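Take a look at the structure set out below.
Note that this is a predicted model, so its numbers are computed, not measured.
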Amino acid sequence: MTESIAIAADHGGYILKDYIKAQFPNVDWLDLGTNSADSVDYPDFAGKLAAAMKDGKASRGILICGSGIGISIAANRHAHIRCALVHDVTGARLCRQHNDANVLALGARLIGQEVAKDCVDVFLSAEFEGGRHQKRVDKLSSC
C-alpha cells in the first residue's frame, strides 16, 4: 500500500502547495485545499490535515501558509501532530531524525520554491533515528 501524504494550505500558500505536488508526481497526495487566493483561515486547514491523519487517511502531512507560523501553531494543538516549521533542508532533516515530526510546515512568503522543494524531499526521505531521541519524543506525546 502506498503511503498517503496530506497537504493543505491557506490562500498565502496554495501556489506553493500546487508547485510541491507537481515536483513529486509519484507521491500519493491527499490535497485538502485551498485552491485559490480567496481569503481563508489557516486553522481550518490545519484541522483538516490533523483529522485526515487521525482517521488514517494520511501518515504524514505538509502545511503551508504565508509565514508557516500560524498554521504550525494550529497543527500542534492536536495531540497526535508533531509539526515542525522549517526554513532549510537541515531543519527538515533534523525534524524527522531527532523529533519524528509527522508534519512539515512551510512559509510560502519566506522561502523560495526550490528551497521548499528540497525541504519536502528531505522530509519525505529522512527517517527517525530513535535511540536517545525516543524518550524526548515520548515526552511530547504526554504533554
Donor-acceptor pair, side chain of D10 and main chain of G12, under 3.5 angstrom
yes
How long is the straight-line distance from CE of M53 back to NE2 of H78, given to the nearest 0.5 Å?
11.0 Å
D118 (side chain) donor-acceptor with D121 (main chain) under 3.5 angstrom
no
Taking the side chain as C-beta and beyond, is there a heavy-atom pair between L16 and Q113 under 4.5 Å?
yes
Could you tell me which residues satisfy side-chain hydrogen bond (donor to acceptor under 3.5 Å, both in side chains) with K21, sequence neighbours excluded, listed by chain and number?
D31
Determine the minimum heavy-atom distance between S59 and I5, stating which atoms define it.
OG-CD1, 4.4 Å
Before giving the answer on side-chain contact (heavy atoms from CB on, under 4.5 Å), spell out for L110 and H87 the whole-Å C-alpha distance, their side-chain angles and the decisive distance to 0.1 Å.
CA-CA 8 Å; L110 301 180; H87 299 98; 4.2 Å; yes
Take the angle between the ring planes of H133 and F128 and call it parallel below 30°, perpendicular above 60°, tilted in between.
tilted
Compare every heavy atom of A92 with every heavy atom of L104, then report the nearest pair and how far apart it is.
CD1-CB, 4.5 Å
Would you be so kind as to tabulate the donor-acceptor pairs closer than 3.5 Å made by side chains of residues 62-72, with sequence neighbours excluded?
from, atom 1, to, atom 2, distance (Å)
S67, OG, I69, N, 3.1
S72, OG, G68, O, 3.0
S72, OG, I69, O, 2.8

Any donor-acceptor pair under 3.5 Å from H80 side chain to A50 backbone
yes
Mind running side-chain contact (heavy atoms from CB on, under 4.5 Å) on N102 and I81 for me, showing each step along the way?
CA-CA 6 Å; N102 56 7; I81 300 295; 4.1 Å; yes
Same apolar cluster (I L V M F W Y, side chains within < 4.5 Å links), V27/L30
no
Y42, OH atom: more than 12 neighbouring heavy atoms under 6.0 Å:
no
Backbone N or O of A126 within a donor-acceptor pair of the R93 side chain at under 3.5 Å?
no
Connected via hydrophobic side-chain network under 4.5 Å: V103 and L124:
no
Look only at the side chain of W29 and the backbone of I20, and say whether a donor-acceptor pair between them is shorter than 3.5 Å.
no
dist I73:CD1 -> L85:CG (nearest 0.5 Å) comes out at 9.0 Å
CG (N35) and NE2 (H11) are apart, to the nearest 0.5 Å, by 14.0 Å
Would you say R96's side chain and A101's backbone share a donor-acceptor pair under 3.5 angstrom?
yes
Check for a donor-acceptor pair, side chain of R77 on one end and backbone N or O of P43 on the other, with a separation under 3.5 Å.
no
Applying the 4.5 Å side-chain criterion to the ILVMFWY set and letting contacts propagate, would Y19 and V120 be lumped into a single cluster?
yes
Quick one: closest heavy-atom pair of Y14 and A9, and the distance?
N-CB, 3.7 Å
Of all heavy-atom pairs linking A6 and L32, the shortest is CB-CD1, 4.0 Å
Look at the side-chain heavy atoms of Ile, Leu, Val, Met, Phe, Trp and Tyr, link any pair under 4.5 Å apart, and say whether L106 and V115 land in one connected group.
yes
Inter-residue atom distance D100.CG - Q134.CD, 0.5 Å rounding:
7.0 Å
Could you work out, with side-chain hydrogen bond (donor to acceptor under 3.5 Å, both in side chains) as the rule, every residue matching T90, not counting sequence neighbours?
none
Are V86 and I7 connected, step by step, through hydrophobic side chains (Ile, Leu, Val, Met, Phe, Trp, Tyr) whose heavy atoms are closer than 4.5 Å?
yes
